[in-house]
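First comes the structure, then the notes that go with it.
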Amino acid sequence: MKLQILPARQGAQWVKLGIQTFFRQPLALSGLFFLFMAVMSVLNIVPVLGSALALALLPSATLGLMAATKEVGKGKFPMPAVLASAFRAGRQQMRAMLVLGALYAAGFLLVLGLSALIDGGKFAKLYLVGGVMTPELLQEGDFQLAMLVAMALYMPLSLLFWHAPALVFWHGISPVKSLFFSLVACLRNFWAFTVYGLVWMGAFLFMGMVVTSIAALLGSTGLVTATLFPAAMLMAAMFFTSIYFTFRDSFEAPSGENP
């Protein structure tokens with residue numbers, strides 16, 4: 001395995017590949033994404049324990065969506081079982097993915113714990129237990145600061161785990177080493193990932209503007225509510241489809257392998 005240093009324009013190419021691949025099998029990939037979201041939502045119904053379990057399963061579920069993208073790239077139709085790829089490749093890899101999931105859950109809970117030092121746990125409680133994010137709560141200074149601190153701390157956590165599931169699954173790297181290699185790969189390709197993030201932000205904003213503009217022309221505010229969420233979910237499915245290409249291009253596979 002060798003790290004590839006990529007130009008900034010590769011970030012836009014990842015977005016393009018994600019969208020193109022999605023439309024090769026839109027029903028299958030959107031269906032898998034909605035199934036992924038449904039499982040996470042059901043787990044999050046159970047306060048604290050369910051949320052922690054959802055966090056622990058997130059790296060494996062993300063790997064499943066990457067595996068589905070790989071299947072589409074080969075011209076195959078991804079079946080629902082592909083979401084469980086992490087648990088079907090042997091006991092050793094399954095154990096490694098479970099360790100990785102536990103590390104991710106611990107890291108995310110640590111971020112929430114640090115945010116709780118600022119607002120007394122209001123932001124963390126909202127995520128772990130549930131509740132309503134009222135306008136009054138959003139206007140509280142300590143809640144706003146806790147939310148900003150959590151977002152700032154989550155960024156390095158996301159870089160640690162961005163490539164980690166794929167490195168563990170496709171390259172057989174240990175969970176701890178995969179975190180190091182993931183972070184290094186993201187930092188060495190900083191500009192490519194910056195362009196990648198900016199293009200996706202622009203795509204989501206453009207989608208929102210299109211929906212609201214059509215609703216304004218038709219004079220229907222209800223149309224925004226009815227279409228904005230499904231449209232955002234489809235865009236999110238395309239985003240998750242593109243993640244596979246960020247991994248594929250960041251690492252040179254050993255001779256004879258095709259991750």
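Any value given below was found using the heavy atoms of this structure, including those in side chains, with hydrogens, waters and symmetry copies removed.
- Enclosure of atom NZ in Lys125 is not indicated, since only 12 or fewer non-hydrogen atoms of other residues, nucleotides or ligands lie within 6.0 angstrom.
- At distances below 3.5 Å, at least one donor-acceptor pair connects side-chain atoms of Thr212 with backbone N or O atoms of Met209.
- In this structure, a donor-acceptor pair under 3.5 Å is present between the side chains of Ser242 and Tyr196.
- For the residue pair Ala67 and Ser85, the shortest heavy atom distance occurs at CB-OG, 3.7 Å.
- Closest of all the heavy-atom pairs between Arg188 and Leu3 is CG-CD2, 3.8 Å.
- Heavy-atom contacts from other residues, nucleotides or ligands closer than 6.0 Å to CE of Met233 number more than 12.
- The side-chain heavy atoms of Met238 and Phe33, taken from C-beta on, include no pair separated by under 4.5 Å.
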TODO: May I have the step-by-step check of side-chain contact (heavy atoms from CB on, under 4.5 Å) for Leu100 and Tyr104, ending in yes or no?
DONE: CA-CA 6 Å; Leu100 192 66; Tyr104 179 78; over 6 Å; no
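- How far CD of Gln10 is from NZ of Lys16: 11.0 Å, rounded to the nearest 0.5 Å.
- Note: Tyr127 OH to Met147 CE = 15.0 Å, rounded to the nearest 0.5 Å.
- When every heavy atom of Leu63 is checked against every heavy atom of Ala166, the shortest pair comes out as CD1-CA, 4.0 Å.
- The line from OG of Ser115 to CE of Met151 is 12.5 Å long, rounded to the nearest 0.5 Å.
- Pairing each heavy atom of Pro78 with each of Gln25, the nearest pair is CD-CG, 4.5 Å.
- For the pair Met66/Trp170, a side-chain contact is recorded, criterion being any heavy-atom separation below 4.5 Å from C-beta on.
- Thr62 contributes a side-chain N or O that, together with a main-chain N or O of Leu58, makes up a donor-acceptor pair within less than 3.5 Å.
- Following chains of ILVMFWY side-chain contacts shorter than 4.5 Å, one cannot reach Leu128 starting from Val46, and the two form parts of different hydrophobic clusters.
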Open item on the list: Assess the residue pair Phe161 and Phe108 against the criterion (ring-ring contact (aromatic ring centres under 6.0 Å, His included)); give the C-alpha distance rounded to whole Å, side-chain angles, the decisive distance to 0.1 Å, and a yes or no.
Closed with: CA-CA 11 Å; Phe161 284 88; Phe108 194 91; over 10 Å; no
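- Trp14 has its side chain within reach of Leu6: a pair of non-hydrogen atoms, C-beta onward, lies under 4.5 Å apart.
- Within the 4.5 Å cutoff, side-chain heavy atoms of Leu17 are placed close to those of Gln13.
- When side chains are defined from C-beta on, Met97 counts as touching Val168, because their heavy atoms get closer than 4.5 Å.
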Open item on the list: Checking Val99 against Val176 for the side-chain contact (heavy atoms from CB on, under 4.5 Å) test, could you report, in this order, the C-alpha distance in whole Å, the side-chain angles of both residues, the deciding distance, and whether it holds?
Closed with: CA-CA 9 Å; Val99 169; Val176 174; over 6 Å; no
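- The closest donor-acceptor contact from the side chain of Ser182 to the backbone of Leu179 lies at 3.5 Å or more, if one exists at all.
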Open item on the list: Working note: Phe36 + Phe240, criterion ring-ring contact (aromatic ring centres under 6.0 Å, His included); need CA distance, chi angles, decisive distance, verdict.
Closed with: CA-CA 11 Å; Phe36 155 74; Phe240 272 87; 5.5 Å; yes
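- Around CG of Leu49, the count of heavy atoms belonging to other residues, nucleotides or ligands within 6.0 Å does not exceed 12.
- The minimum heavy-atom distance between Gln144 and Gln139, with the atom names listed, is NE2-CA, 3.6 Å.
- Residues Val42 and Val39 fall into different hydrophobic clusters, defined by Ile, Leu, Val, Met, Phe, Trp and Tyr side chains chained together at heavy-atom separations under 4.5 Å.
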- [ ] Could you give me the CA-CA distance, side-chain angles and deciding distance for Phe247 and Thr69, then say whether side-chain contact (heavy atoms from CB on, under 4.5 Å) is met?
- [x] CA-CA 12 Å; Phe247 165 73; Thr69 302; over 6 Å; no
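- With hydrophobic clusters built from ILVMFWY side chains whose heavy atoms lie under 4.5 angstrom apart, Trp191 does not share a cluster with Leu198.
- Two residues are said to be in side-chain contact when any heavy atoms from C-beta on lie closer than 4.5 Å; Thr246 and His163 meet this criterion.
- Contact between Met40 and Ala61 at its shortest, heavy atoms only, is CE-CB, 4.4 Å.
- One hydrophobic cluster holds both Leu157 and Leu187 under the rule that ILVMFWY side chains link at heavy-atom gaps under 4.5 Å.
- In this structure the side chain of Ile243 never reaches within 4.5 angstrom of the side chain of Leu65, judged on heavy atoms.
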Open item on the list: One pair to check against side-chain contact (heavy atoms from CB on, under 4.5 Å): Glu140 and Leu137. What are the steps and the verdict?
Closed with: CA-CA 5 Å; Glu140 295 182 15; Leu137 182 63; 4.0 Å; yes
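- Note that CG of Leu32 is 9.0 Å distant from CE of Met79, once rounded to the nearest 0.5 Å.
- Expressed to the nearest 0.5 Å, how far CG of Leu159 lies from CE of Met155 amounts to 6.5 Å.
- No donor-acceptor distance shorter than 3.5 angstrom exists from the side chain of Gln93 to the backbone of Ala86, with no hydrogens or angles considered.
- If you take CG on Leu103 and CG on Leu160, they are separated by 10.0 Å, rounding to the nearest 0.5 Å.
- Residues Ile45 and Leu126 are members of separate hydrophobic clusters, defined by side-chain heavy-atom contacts under 4.5 angstrom among Ile, Leu, Val, Met, Phe, Trp and Tyr.
- In this structure, Asn189 contributes its side chain and Gln4 its backbone to a donor-acceptor pair below 3.5 Å.
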